[in-house]
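Below: the structure, in structure tokens.
Only heavy atoms go into these numbers, but all of them, side chains included; no hydrogens, no water, no symmetry mates. Small disclaimer: the values here were computed from a predicted structure and weren't measured.
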Amino acid sequence: MSMRFGRVIHFVGLILVLAFTLFPFFWMVTSSLKDQSDLLASPPVWLFTPTLDHYREIFEDPKIISSVMHSLIIATSTTLLAIVLGAPAAYALARFEFRGKSDLWFWFISNRMISPIVLALPVYLLAQTLGLLDTHLVLILIYLTFNLPIVVWICTDQFRSIPSELEQAARLDGASQFLIFWRIYLPLGVPGIAVSAIFSFIFSWNELLYALVLTRRAVQTAPVAATSFMSGYELPWGKIMATGTVIVLPVTIFALLVSRHMVRGLTMGATK
Amino acid sequence: MAFLKIDDVVKRYGDHLVIDRVSLSAEKGEFVVFVGPSGCGKSTLLRMIAGLEEVTDGNISIDGHLVTHVEPAARQVAMVFQSYALYPHMSVKENMAFGLVMAKTPKPEIEKRVANAARILQIEQLLDRKPRQLSGGQRQRVAIGRAIVRDPKLFLFDEPLSNLDAELRSQMRVEIARLHRDLGVTMVYVTHDQIEAMTLADRIVVLRAGKVEQIGTPTDLYERPANTFVAGFIGSPKMNFLEATVTDGTDHTLTLSHPAFVGGAATIPTHAAPRVSRGGKVRAGLRPEHMALGGGQGGTALSLAGEFAENLGGASQVYAQTPDGDTLTILAPGRHVIDKGVPLTVAIDPARVYLFDDAGRAI
């Protein structure tokens, strides 16, 4: 009896949480399918005839397609670079003792403690001096600074959980330091790498502040494009919501693909 | 010249001395077992031979080559870890082949060696499985197989059986002994289990607190332990000790007094008699298997008060108290029921009494 009651509470709680987190998405997707009169209806209409007009409108707008492409280029490059640079750093932090290790570790974390807007102006001036404004590179570099700590952080933890006997066995088997990383730690660290890749990609994909500050017309990312529809004279909600839906799709697909690798117990069977 | 030579080796972690000037050697083909309580440094010593721990001071040589500061892989040793340390993302075959792949061995040669090792260990049907799909005993075999394929000069085992249940442990013990006989290679084996040490070893090295207590054959250690620590560690159940006083003696015997002896004293034959001062304290060691319930007339015997008996099936482990309150263990054939406080007469063979001085050294 009480167990059944517990299950009901559990179920209700789950529904509340799901409703809370999914409602904005539901609202975004349905709004993107409403025509202008349904959109502005008060009280809101729940049953309506869906229309693809807003989607037609944004796909005819070359700005949206190109902004999604810019975002893809930037987020993919940042994520790849963050993993390529971050995973070896995490391995070093997880397995080697060296002078200044804890300071380095703290420095990685402290990068995330600074509010991004504090650095906006210095970064803008730096990018201007280097002639990097309105390029893919400037956003890749700045996103890398924010993403590397996350990758290093998560991967260090992941690598620490790999039994050190595996490394010793590999050393006795004649594997070099690089091969131990490549053949043992990397394959076994896949769950941590997958998680940090998702974080890295989502952050780069959604980032608005630096994209707004550092780019103009040549490299306009998707979030910037979506907000650019808002002008002083009109608020095309349907178009904004359709753009939002299109923006959310790639990152959702990416997260779903990568999440298959976020499994526990990958090192099962190594020891005992 | 010795095949494996450890010369005055020291290991220190900061101020903490883990291995204190240990020297020993092993001949080619010998099976040497390091035994001692946990924390005695036996695993550290093994890992120093493997090259996984830096040597603070002293030298290690294998097959005539000084390897003190040589990389682990270049020492041509293979190690079986206590935790097996199998690569979980590789199949059994890949696990076994990994070392050969690293050494850039030609593929047909790898195939041949893996197949051969798999046949020896009877794991041919497991080659395509992942470690997580194997039982503890099978993982242990794979770990040994990984060592065999590399055809090392020296096999190192770090408590390889401690994760297995009792039955599997004795089965694997026999297999390791057979492997040693068939391969004829030098093996160094670490364990805290004295039965493993006694059954497997050609020679046993007893370690305590980073120091060698005694090196010898299993029979040596059993018959002639150098001190009370070795005497207590080798043999099961543990040796009993009685604190006795030397009251008298001849050139070949000592008369010891202790309240547990029937008549308060016993005469023990020993060649060391002239060197022991009268009135001094000695420790008399009695192995439980050398004691018999119900001592006959006239023989040397102990008079004890029974405590209880553990039934082992074919034999019993009887616990009894001396008048001064020490508990002794007696291994007696057959089943016994011992009531608490019942008087017990226990016969001992004077020729099988071990004598140690006050500091615990064998006399």
Within a 6.0 Å radius of atom [atom1] on [X], are there more than 12 heavy atoms belonging to other residues, nucleotides or ligands?
| X | atom1 | value |
| --- | --- | --- |
| A/Phe203 | CZ | yes |
| B/Glu54 | CD | no |
| A/Lys101 | NZ | yes |
| A/Phe11 | CZ | no |
| A/Phe20 | CZ | no |
| B/Lys93 | NZ | no |
| B/Gln125 | CD | yes |

Checklist entry - What part of B/Val80 is in contact with chain A, defined as an atom under 4.5 angstrom from a non-hydrogen atom: side chain, backbone, both or neither? => result neither
Next on the checklist: Using heavy-atom distances under 4.5 Å, tell me whether B/Arg75 contacts chain A through its side chain, its backbone, both, or neither.
Outcome noted: neither
Checklist entry - Any side-chain heavy atom of A/Gln168 within less than 4.5 Å of one from B/Met79? => result no
Shortest non-hydrogen contact between [X] and [Y], atoms and distance:
| X | Y | value |
| --- | --- | --- |
| A/Ile184 | B/Phe98 | CD1-CZ, 4.2 Å |
| A/Leu188 | B/Pro88 | CD2-CG, 3.5 Å |
| A/Leu172 | B/Ala50 | CD2-O, 3.7 Å |
| A/Arg183 | B/Val101 | NH1-CG1, 4.4 Å |
| B/Ala73 | A/Gly174 | CB-CA, 3.2 Å |

Item to check | Spacing of A/Leu166 atom CG and B/Phe81 atom CZ [to the nearest 0.5 Å] | outcome: 9.0 Å
Checklist entry - Roughly how far, to the nearest 0.5 Å, is CZ of B/Arg150 from CG of A/Asp173? => result 5.0 Å
Next on the checklist: Is it the case that the side chain of B/Arg146 and the backbone of A/Ala169 share a donor-acceptor pair, with hydrogens and angles ignored and the cut-off at 3.5 Å?
Outcome noted: no
